[in-house]
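First comes the structure, then the notes that go with it.
Quick caveat, the model's predicted, so the values are computed rather than measured.
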Amino acid sequence: MSGEVQSYLLLMARQRREVFSRLANLPPSDLLRRPESGAWSIGENLIHATMAAKSFLGFFRLLWPLAGFVGNLRRSRPYDPEIDDVYARPGFPLWVGWLWTPRGMDDRPQTLGNLEVEMQAVHAGMDRFFRTKEEGVLGNAPLYDPAIGLGNYIQGLRVSIHHDAHHFASVAAIVDAARTH
């Protein structure tokens, strides 16, 4: 596989490795420590990102029979594989994070290793899904989100990666703030 899908899948894996590498020496007690009241901890950000990626993947799979059929019919048409970082758009509804509220942190304490394994498994599922599809079909398979608009599956993958990056940046900010104190 080559092209945008390959580069996006590599970016997804690289981002994940970088954030967990940055957290390698994190004391377990810091995983759940909230930087301020109402803000998510490192662990909560990672659980949320994993839950959202799992939802993205489920959404892709659910809609694929119809979207893939349409994409297959249009496979030779040009398509745009790129999309802006929708999470940086002014007025983008970031408040919908409550749909994937991190749960169970107090009931069953998580380790950084467990969180990494869970995220890696979801990303592996995403990788398997996209690698088994022709890029021209993915690029012409329609995908709609009320907050984002009409796009295609390649753009949907990129939005998922932007979402991870948004939460990985929050994690990095928490780590950096802790180092200065």
Side-chain angles (χ1 to χ4, degrees), residues 1-23 40 42-68 70-71 79-103 110 112 114-173:
M1 169 173 278
S2 61
E4 293 299 322
V5 172
Q6 172 71 13
S7 68
Y8 288 164
L9 292 170
L10 290 171
L11 174 60
M12 181 177 64
R14 186 176 70 243
Q15 283 183 170
R16 184 188 66 249
R17 283 192 310 270
E18 286 172 359
V19 77
F20 282 99
S21 174
R22 183 175 194 147
L23 299 172
W40 282 349
I42 290 170
E44 289 169 317
N45 271 284
L46 296 174
I47 288 173
H48 167 82
T50 301
M51 291 170 66
K54 191 181 249 184
S55 291
F56 275 109
L57 180 56
F59 188 65
F60 294 151
R61 287 177 175 158
L62 177 71
L63 298 177
W64 183 250
L66 180 58
V70 172
Y79 56 88
D80 188 0
E82 297 180 18
I83 188 167
D84 64 306
D85 182 352
V86 300
Y87 299 97
R89 288 180 185 171
F92 189 79
L94 297 176
W95 53 266
V96 298
W98 65 267
L99 293 170
W100 300 276
T101 302
R103 295 182 281 287
Q110 295 284 343
L112 191 59
N114 288 347
L115 295 176
E116 183 174 13
V117 166
E118 288 176 23
M119 184 176 284
Q120 191 169 6
V122 173
H123 284 180
M126 193 86 75
D127 193 276
R128 281 189 302 277
F129 177 86
F130 279 91
R131 283 187 191 276
T132 60
K133 315 286 186 279
E134 184 183 321
E135 196 159 312
V137 176
L138 288 165
N140 284 290
L143 200 57
Y144 178 77
D145 180 275
I148 297 170
L150 184 62
N152 61 52
Y153 267 64
I154 298 172
Q155 292 170 333
L157 171 62
R158 186 65 176 112
V159 168
S160 179
I161 294 166
H162 282 305
H163 182 264
D164 283 352
H166 173 77
H167 286 281
F168 295 165
S170 293
V171 166

- Item | From CA spacing to verdict: side chain to side chain contact (heavy atoms under 4.5 Å, CB included), Trp64, Lys133 | CA-CA 10 Å; Trp64 183 250; Lys133 315 286 186 279; 3.3 Å; yes
To the nearest 0.5 Å, what is the distance between [atom1] ([X]) and [atom2] ([Y])?
X: Leu112; Y: Glu116; atom1: CG; atom2: CD; result: 6.5 Å
X: Leu143; Y: Leu157; atom1: CG; atom2: CG; result: 10.5 Å
X: Asn45; Y: Thr50; atom1: CG; atom2: OG1; result: 10.5 Å
X: Gln120; Y: Arg16; atom1: CD; atom2: CZ; result: 4.5 Å
X: His162; Y: Gln15; atom1: NE2; atom2: CD; result: 9.0 Å
X: His166; Y: Tyr87; atom1: NE2; atom2: OH; result: 8.0 Å

Please report the closest heavy-atom contact between [X] and [Y], naming both atoms and the distance.
X: Leu115; Y: Gly43; answer: CD1-CA, 4.0 Å
X: Asn152; Y: Leu138; answer: CB-O, 3.7 Å
X: Ala141; Y: Gly68; answer: CB-N, 4.4 Å
X: Leu62; Y: Pro65; answer: O-CD, 3.4 Å
X: Ala67; Y: Pro142; answer: CB-O, 3.6 Å

- Message: Does this structure show an ion pair linking Arg14 with Glu18, if we count only N-O contacts that are shorter than 4.0 Å?
- Response: yes
- Message: Using a strict threshold of under 4.0 Å (side-chain N to carboxylate O), is an ion pair present between Asp84 and Arg89?
- Response: yes
- Message: Set out, in order, the CA-CA distance, both residues' side-chain angles and the distance that settles side chain to side chain contact (heavy atoms under 4.5 Å, CB included) for Val159 and His163, then state yes or no.
- Response: CA-CA 6 Å; Val159 168; His163 182 264; 5.6 Å; no
- Item | Worked verdict on Leu9 versus Met12 for side chain to side chain contact (heavy atoms under 4.5 Å, CB included) | CA-CA 5 Å; Leu9 292 170; Met12 181 177 64; 3.8 Å; yes
Are [X] and [Y] close enough that some pair of their side-chain heavy atoms sits under 4.5 Å apart?
X: Leu10; Y: Gln6; answer: yes
X: Ile148; Y: Ile83; answer: yes
X: Trp40; Y: His167; answer: yes
X: Leu11; Y: Arg158; answer: yes
X: Val122; Y: Phe56; answer: no
X: Phe60; Y: Met126; answer: yes
X: Leu46; Y: Val171; answer: yes

- Item | Under 3.5 Å donor-acceptor, Ser55 side chain and Met51 backbone | yes
- Message: In terms of relative ring orientation, are Tyr153 and Phe130 parallel, tilted or perpendicular, with 30° and 60° separating the classes?
- Response: tilted
- Task: Verify side chain to side chain contact (heavy atoms under 4.5 Å, CB included) between Tyr79 and Gln155, making sure each step is shown before the conclusion.
- Result: CA-CA 10 Å; Tyr79 56 88; Gln155 292 170 333; over 6 Å; no
